[in-house]
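The next block holds one structure in the form of structure tokens; read it before the comments.
Please read these numbers as outputs of a predicted model, since none were measured by experiment. Below, all heavy atoms of this structure are taken into account, side chains as well, without hydrogens, waters or symmetry copies.
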Amino acid sequence: MSNHLAIDVPMTWPARRNHNTDTASVCDTSIAVQGITLILRWIRESKTKVDRASGLDAAMDAFDHSDEAEHGRELREGVAQTLCSVLIFALSEASSYLVPEGVEAEEEEDEYSISGSSASSSLHQQSPVDDILPAEIIAKSLSVMEMVHRCSLKDLRWSFDSMGIQLLPLLLEVMDLYVPVVDAAAKEDMERSEGNDEGSRGERTASTRNDTHAVWAFHCVYNAMRLITYFSSLSDGRLSGHRAYLDTLMVVLGCRICSKGDEVNEIVTDCLNVLGNYHKVDKLVNVPGLFDVILLNIGLNDRSSDEAKEAVAHFFKCLFERQSTNSRSSTNVNKLMAKDEHFLQFITKSMLDPNEEESTNWVRCSAVKAAHLLCVPAENAKYLVKYNYSDDVDQPLDDDCTEQSFLQALIKMVLDGSESFSAACGLCHLAANSEEARFILNDPFLLDTLAKTALTNPNAILAGEAVEKILPSASFQLFRRIVLLMTLNPNFCHLIAIRSILSRACASIKGRYQLAGDECIIMILVKASRNDANIEARVEATKALKYLSIDEENKMHLLEDSDIVEALAKAILDANFGTSSSMSMYHESSAYATCAICNLVVDEDVNSVVIEALTPSTKVDEERRSDIRCNFVRCRQNLARKVEHLVVRALSTVRKES
């Protein structure tokens with residue numbers, strides 16, 4: 001790709017190391033350091049641009065490997081600092097090489113043009129001093145710099161701390177200079193292809209054009225974007241502090257894409273991944289036209305690659321996730337995008353993407369994850385359930401058309417099994433928040449499939465939140481199956497299952513009767529009542545048993561479980577009365593267990609069992625024993641008064657009727 005004569009490497013150039021070996025001797029290390037020193041001297045002391053380009057060629061050959069430790073050594077030997085100096089000099093020359101050409105004529109921007117004056121200005125190429133373009137020096141310098149930053153995260157952080165703040169403005173300046181060149185060349189190719197037949201359209205890409213300057217411009221932008229991508233993986237967020245950061249990235253995202261094979265797809269993919277790591281959600285939302293550029297130029301552009309489309313979906317997924325964890329954000333981007341026609345069209349089309357060339361359709365996978373998070377806010381349901389799209393924007397949709405609806409796309413993904421747990425979680429939220437969705441999904445088989453599929457989500461929090469939404473309206477048999485699935489793994493959705501049982505027990509007498517008569521449900525509650533690992537689950541379980549033991553017809557069902565008295569007694573004995581407030585949940589569980597066990601004392605036999613269970617097997621503090629007995633006796637007295645009151649009322653009713 002170079003337009004100069006090749007220059008042989010000096011005889012003093014050392015042989016390259018074998019990076020596949022696990023260990024290296026001190027001699028090998030010293031030779032490698034000497035080689036780095038020779039390359040840096042060659043680049044620094046070059047008298048002409050031809051000689052400097054040759055030195056950069058040698059550096060590209062030497063540093064193009066996958067040994068992270070060796071790249072770390074190269075960074076600490078000063079490779080990046082030397083190239084940074086070269087970059088500063090080359091940029092000063094490039095700024096004078098690219099100048100505006102007189103008075104610019106206004107150009108009509110098309111759908112995919114870059115916004116801003118840099119997109120519409122025509123660039124005049126001045127004659128270079130020699131046959132080496134400044135863009136070539138910049139591209140090769142950035143290429144070597146990108147190679148040495150393929151290092152470990154520790155070395156990458158060291159490099160950014162050493163020179164990142166100085167390097168970032170240079171990288172942004174490179175993209176400001178050369179993105180318009182790449183975009184202008186793409187525009188010329190697209191206009192030229194319009195006069196040819198369809199078979200020749202889009203054959204040229206950013207790195208295979210006849211215009212040498214445009215090719216080097218592409219490599220400048222590509223390598224600068226790669227370096228920003230590496231630094232953006234650092235979690236400290238300092239990279240985003242530059243005032244021109246978002247403006248420059250938006251210009252990159254607006255660069256024209258000629259075809260699916262165009263390497264510009266790789267640049268915009270990297271740019272979207274960088275924005276996916278951006279921490280300031282409010283700042284992203286307030287960039288005018290950012291989401292429109294992303295969706296129109298990449299997401300809904302037939303010329304963009306699948307990788308670029310997948311990056312769009314991944315960007316919005318990251319945006320929604322960051323929104324959910326940032327309570328200080330003033331703009332709810334999740335609710336905002338639920339009303340965005342372009343975004344809903346992109347997400348729906350991506351979920352219905354029929355591409356099966358690879359074993360996994362990553363566009364669909366990322367899109368459905370974003371769709372799931374979009375379904376979580378209750379107010380979004382009314383927009384999502386009604387959304388349909390048509391490829392022909394001039395052709396209105398029929399009211400009966402559901403082939404391309406957001407809701408049907410989610411259902412199809414559940415039934416097809418492609419990233420189905422995210423789709424199932426989204427549908428669970430829609431079923432809880434929309435009467436229309438509930439009507440469409442009101443099928444026992446489909447609800448059962450949704451719950452089982454949602455519980456395959458490896459994220460227990462997301463799975464539990466979703467399934468919990470459909471449990472209140474589920475039939476008892478479906479409720480029972482789902483709860484049993486949720487409690488198979490005590491570390492997954494166990495607490496949510498206990499809470500769901502408690503909610504159903506509080507809802508109605510019929511619900512309590514059904515729960516009390518199911519030995520599996522009672523077994524779950526009993527097991528949770530003596531769970532030392534999850535005291536919160538114990539509180540909810542003892543509270544549920546208290547409600548179930550209120551009704552007379554349920555008491556015998558509960559007593560059929562031989563462990564129920566022992567479990568409740570354990571909750572009472574573990575209360576540690578008189579201790580600090582940190583034990584408050586134990587106290588709460590003890591109170592509920594005391595009420596439940598008192599409700600279950602229906603005769604002397606049960607009373608004997610209860611007293612025996614409450615008698616510690618080892619010698620305990622007399623004060624603690626007294627507290628327990630007083631608490632138990634007090635509850636029994638209250639229960640006796642309650643029973644006596646019910647008997648009196650029943651007798652008076654009988655007398656009136658007679």
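- No donor-acceptor pair closer than 3.5 Å links the side chain of D183 to the backbone N or O of V179.
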Step-by-step side-chain contact (heavy atoms from CB on, under 4.5 Å) determination, R226 to L142: CA-CA 9 Å; R226 291 299 298 167; L142 290 174; over 6 Å; no

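- In this structure R41 satisfies the side-chain contact (heavy atoms from CB on, under 4.5 Å) test together with T37, L38, R44, E45, sequence neighbours excluded.
- In this structure a side-chain-to-backbone donor-acceptor pair under 3.5 Å is missing from R256 to K187.
- Interatomic distance, OG1 of T82 versus CG of L87, reported as 12.5 Å (0.5 Å rounding).
- I267 has its side chain out of reach of C255: every pair of non-hydrogen atoms, C-beta onward, lies at least 4.5 Å apart.
- Residues satisfying the ring pair (Phe, Tyr, Trp, His ring centres under 6.0 Å) test with F346, not counting sequence neighbours, are none.
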Evaluation steps, side-chain contact (heavy atoms from CB on, under 4.5 Å), between V251 and M175: CA-CA 9 Å; V251 172; M175 291 194 287; over 6 Å; no

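- Checked by atom type and distance alone, the side chain of S232 pairs as donor or acceptor with a backbone atom of T229 at under 3.5 Å.
- For the pair D270 and M225, the tightest heavy-atom approach, listed with the atom from each and the gap, is CB-CG, 3.7 Å.
- In this structure, L284 CG and H279 NE2 are separated by 11.0 Å, a value rounded to the nearest 0.5 Å.
- Residue L171 is tested with D176, V221, I228 for a side chain to side chain contact (heavy atoms under 4.5 Å, CB included); the sole match is I228.
- You'll find the side chain of R150 reaches within 4.5 Å of the side chain of Y230, heavy atoms only.
- For H71 (side chain) and H65 (main-chain N/O), a donor-acceptor pair under 3.5 Å exists by modelled atom type.
- Qualifying side-chain contact (heavy atoms from CB on, under 4.5 Å) partners for S366, counting only residues two or more places apart in sequence or in other chains: E310, A313, H314.
- Relative orientation of the H149 and F231 rings is perpendicular, given thresholds of 30° and 60° on the angle between their planes.
- Using modelled atom types, one side-chain atom of R322 and one backbone atom of G276 make a donor-acceptor pair closer than 3.5 Å.
- Proximity of a side-chain donor or acceptor of N380 to a complementary backbone N or O of L374 within less than 3.5 Å is detected.
- We find the OG-NZ distance between S54 and K49 to be 13.5 Å, quoted to the nearest 0.5 Å.
- When all heavy atoms of L153 and S233 are compared, the pair lying nearest together is CD1-OG, 4.4 Å.
- Annotation: side chain of N297 is not in contact with side chain of L253 (no heavy-atom distance under 4.5 Å).
- Side-chain polar atoms of D155 and S152 form a donor-acceptor pair below 3.5 angstrom.
- Residues D292 and H342 meet the side-chain proximity criterion, which asks for heavy atoms closer than 4.5 Å.
- Scored by the side chain to side chain donor-acceptor pair (under 3.5 Å) test, K309 finds S304 as partners (sequence neighbours excluded).
- Partners of S305 according to the side-chain contact (heavy atoms from CB on, under 4.5 Å) rule, which considers only residues two or more places apart in sequence or in another chain, are N265, E307, A308.
- Side chain of S46 to backbone of W42: a donor-acceptor contact under 3.5 angstrom is found.
- A distance of 6.5 Å separates CG of L275 from CG of L246, quoted to the nearest 0.5 Å.
- To the nearest 0.5 angstrom, M250 atom CE is 8.5 Å from I294 atom CD1.
- Contact check for L83 versus V79: side-chain heavy atoms found under the 4.5 Å cut-off.
- The shortest non-hydrogen separation linking V312 to G299 is CG2-N, 4.1 Å.
- Here CZ of R73 is found 8.0 Å from CD of E77. Values are rounded to the nearest 0.5 Å.
- Side-chain contact between C258 and V264 is absent, with no heavy atoms from C-beta onward closer than 4.5 Å.
- Side chain of N223 to backbone of M145: no donor-acceptor contact under 3.5 angstrom is found.
- Around CD1 of I88, the count of heavy atoms belonging to other residues, nucleotides or ligands within 6.0 Å exceeds 12.
- For the pair A135 and H213, the tightest heavy-atom approach, listed with the atom from each and the gap, is CB-CD2, 4.1 Å.
- Residues D306 and K260 have side chains in contact (heavy-atom distance under 4.5 Å, counting atoms from C-beta outward).
- Among residues two or more places apart in sequence or in another chain, the ring pair (Phe, Tyr, Trp, His ring centres under 6.0 Å) test is passed with F343 by F316, F320.
- Side-chain contact between E74 and M147 is absent, with no heavy-atom pair separated by less than 4.5 Å.
- Residues C425 and L462 share a closest heavy-atom pair of SG-O, 4.1 Å.
- Applying side chain to side chain contact (heavy atoms under 4.5 Å, CB included) to L249 and the options V274, V268, V287 leaves one that passes, V274.
- Minimum interatomic distance between L56 and I137 (heavy atoms only, all atoms of both residues): CD1-O, 3.9 Å.
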Worked check of side-chain contact (heavy atoms from CB on, under 4.5 Å) between F421 and N459: CA-CA 10 Å; F421 56 80; N459 189 318; over 6 Å; no

Stepwise side-chain contact (heavy atoms from CB on, under 4.5 Å) check, H219 with Y178: CA-CA 9 Å; H219 288 291; Y178 290 111; over 6 Å; no

